[in-house]
Amino acid sequence: MKKNVLIIGAGGVAQVVAHKCAQNNDVFGDIHIASRTLAKCQSIVDSVREKKALKTEGVIEAHQLDAMDVEAIRALITSTDAKIVINVGSAFLNMSVMSACIETGAAYIDTAIHEDPAKVCEAPPWYANYEWKRREEAEKAGVTVILGAGFDPGVVNAYAKLAYDDYFDRIDSIDIIDINAGSHGRWFATNFDPEINFREFTGRVWSWQDNKWTENKMFEIGKEWDLPVVGKQKAYMTGHDEVHSISQILKVPNVRFWMGFGDHYINVFTVLNNLGLLSEKPVKTAEGLEVVPLKVVKAVLPDPGSLAPGYTGKTCIGDLVKGVKDGKEREVFIYNVADHKEAYNEVGSQGISYTAGVPAVAAALLVATGEWDVKKMANVEELPPRPFLDLLGRIGLPTRVREGDDDRAL
């Protein structure tokens, strides 16, 4: 058993992770939350206590931390005796947090691919640019490193592996579809860190088609999908973390990612981008101040965590998998539907944060109990999907499978 958890980050996803860890602290032991802003960490601690989320009496503490400082992370892991680190901070932190985990022996879990602040929409293969370079180091140290254990990436990777194992003899294509049919009631806002959100869409769109990387522009290719619960929704093909790992690990010839965007989002994004306000390059104002336009936009937009109280509606995220089983063509949609209001009532966060945070805790539980404590680096599709998906169903994100007119719980 691995005991004691350190959560790095203090945004909406960290709020979910803290509450879910608290609900399972009989397994996890002590819970520690760390970020640059101590007050944000303490607010999460207070929220956990207000909702009486701790399953048993135990430790839950806030800490201030510069998560770019490997020595500081290492010291905090040591002082808290944390055996599992869940990194839900900025994607810029992955390499530093992973380094501290490998050095201390703590298991590492994240929910998104590493990003270099100086680079936007890097050419694929992203994991091979950063994380996969450290596979040998992690295995030599005997440290469990689980990459991309959010929803997408994460759960959708497990859906792909489930389809690979149980539903198909040959997979020809996987289309990952992410639809948020909810409404936050604000004129404009992003559902997670605006800086990360915009960086995903300002460059090239990469998909894996006919066993090769294919390049498009953002919003160039759109398609209407008819999905359970949320109905007909327009989504656009874009690049995403899981395309990079699923295509290489499962050897599927076509892997694409589709995200739903309304016309209003696209219009605002296009104006901001055309004005240069989504640039990560510093500019000087007439007064001589040096500012980064993207960071200014982030500063004036609503904090994604503040959207939660008024958020209504549902999300639908899943894998549409096509291929052959027993010599016959087959098409299966493996998916989850989450509710924004239900997420807020339970943990004080909106549904997007909920779908990202709950899987990270499920992964941590499987590491704590040994089922996923593989003592090497792994993407989610390299791990047994059934324990993960079964556990998710018990703690808040049940899986359904639609095939033709049949739609049932996994």
Side-chain angles (χ1 to χ4, degrees), residues 4-18 21 30-48 59-120 129-131 133-134 137-138 141 143 145-150 192-199 280-282 290-292 294-299 303-305 353 356-357 360 364:
N4 304 334
V5 175
L6 171 61
I7 301 163
I8 292 182
V13 179
Q15 167 107 358
V16 177
V17 170
C21 284
D30 298 347
I31 301 167
H32 299 272
I33 307 165
S35 83
R36 281 180 308 177
T37 309
L38 182 61
K40 288 185 176 181
C41 299
Q42 189 58 52
S43 177
I44 293 175
V45 171
D46 294 344
S47 171
V48 168
V59 172
I60 179 164
E61 293 181 348
H63 305 265
Q64 189 168 33
L65 175 70
D66 176 0
M68 296 292 281
D69 184 338
V70 176
E71 177 57 41
I73 306 165
R74 188 167 59 224
L76 185 58
I77 292 171
T78 301
S79 67
T80 58
D81 196 28
K83 295 298 186 283
I84 300 174
V85 175
I86 304 176
N87 174 22
V88 286
S90 165
F92 306 143
L93 307 176
N94 288 14
M95 291 298 96
S96 57
V97 178
M98 186 191 297
S99 293
C101 288
I102 291 173
E103 291 176 20
T104 59
Y108 170 87
I109 298 166
D110 66 31
T111 62
I113 209 163
H114 178 75
E115 291 193 34
D116 183 333
K119 299 176 182 178
V120 175
N129 292 340
Y130 298 103
E131 286 91 342
K133 289 180 178 179
R134 308 192 67 177
E137 182 185 359
V143 173
V145 173
I146 298 179
L147 304 176
F192 56 95
D193 184 338
E195 186 173 3
I196 299 298
N197 180 279
F198 288 134
R199 284 168 62 97
E280 81 288 359
K281 309 289 188 199
E290 188 174 88
V291 296
V292 175
L294 178 55
K295 290 188 179 295
V296 174
V297 172
K298 175 180 176 176
D303 181 333
S353 297

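Every value quoted in this text rests on a predicted model; they were computed, and no experiment measured them.
- Within the 4.5 Å cutoff, the side chain of Asn94 has no heavy atoms near those of the Tyr130 side chain.
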Residue pair Ile73, Asp69: steps toward the side chain to side chain contact (heavy atoms under 4.5 Å, CB included) verdict: CA-CA 6 Å; Ile73 306 165; Asp69 184 338; 5.6 Å; no
CA sep, side-chain torsions, deciding dist, call: Lys40, Ile33, side chain to side chain contact (heavy atoms under 4.5 Å, CB included): CA-CA 9 Å; Lys40 288 185 176 181; Ile33 307 165; over 6 Å; no
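- The minimum heavy-atom distance between Met98 and Glu131, with the atom names listed, is CE-CG, 3.7 Å.
- Counting all heavy atoms, side chain and backbone alike, Ala149 lies closest to Ile109 at CB-CG2, 3.8 Å.
- How far CG of Leu294 is from CD of Glu195: 5.0 Å, rounded to the nearest 0.5 Å.
- Contact detail for Ile8 and Ala67: the closest heavy-atom pair is CG2-CB, 4.0 Å.
- The minimum heavy-atom distance linking Val13 with Ala356 is given by the pair CG2-CB, 3.9 Å.
- The two residues Leu93 and Ser96 come nearest to each other via the heavy atoms O-OG, 2.9 Å.
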Audit row: Gln15, Ser47, side chain to side chain donor-acceptor pair (under 3.5 Å) steps and yes/no: CA-CA 8 Å; Gln15 167 107 358; Ser47 171; 3.0 Å; yes
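- Residue Ile102 holds its CD1 atom at 8.0 Å from CE of Met95, rounded to the nearest 0.5 Å.
- Dense packing is recorded around CZ of Arg134, with more than 12 heavy atoms of other residues, nucleotides or ligands lying under 6.0 Å away.
- A donor-acceptor pair is defined here as one N or O able to donate and one able to accept, closer than 3.5 Å; such a pair exists between the side chain of Ser35 and the backbone of Thr37.
- Leu76 places a side-chain heavy atom less than 4.5 Å from the side chain of Ser79.
- Under the rule for a salt bridge (charged side-chain N to carboxylate O under 4.0 Å, His left out), the partners of Asp81 that lie at least two apart in sequence or sit in another chain are Lys83.
- Summarising the geometry, atom OG1 belonging to Thr111 is positioned 11.0 Å from atom CG belonging to Leu147; distances are rounded to the nearest 0.5 Å.
- Counting heavy atoms from C-beta outward, Thr80 and Asn4 have side chains that stay 4.5 Å or more apart.
- With sequence neighbours excluded, the residues forming a side chain to side chain contact (heavy atoms under 4.5 Å, CB included) with Ala112 are Asp241, listed by chain and number.
- Taking the side chain as every heavy atom from C-beta outward, Ile86 and Cys21 approach each other to under 4.5 Å.
- Atom CE of Met68 sits about 10.0 Å away from atom CZ of Arg36, to the nearest 0.5 Å.
- Taking each heavy atom of Val143 and Ala106 in turn, the nearest pair found is CG1-O, 3.3 Å.
- Separation of atoms CG (Leu6) and CG (Leu65) is listed at 7.5 Å; rounding is to 0.5 Å.
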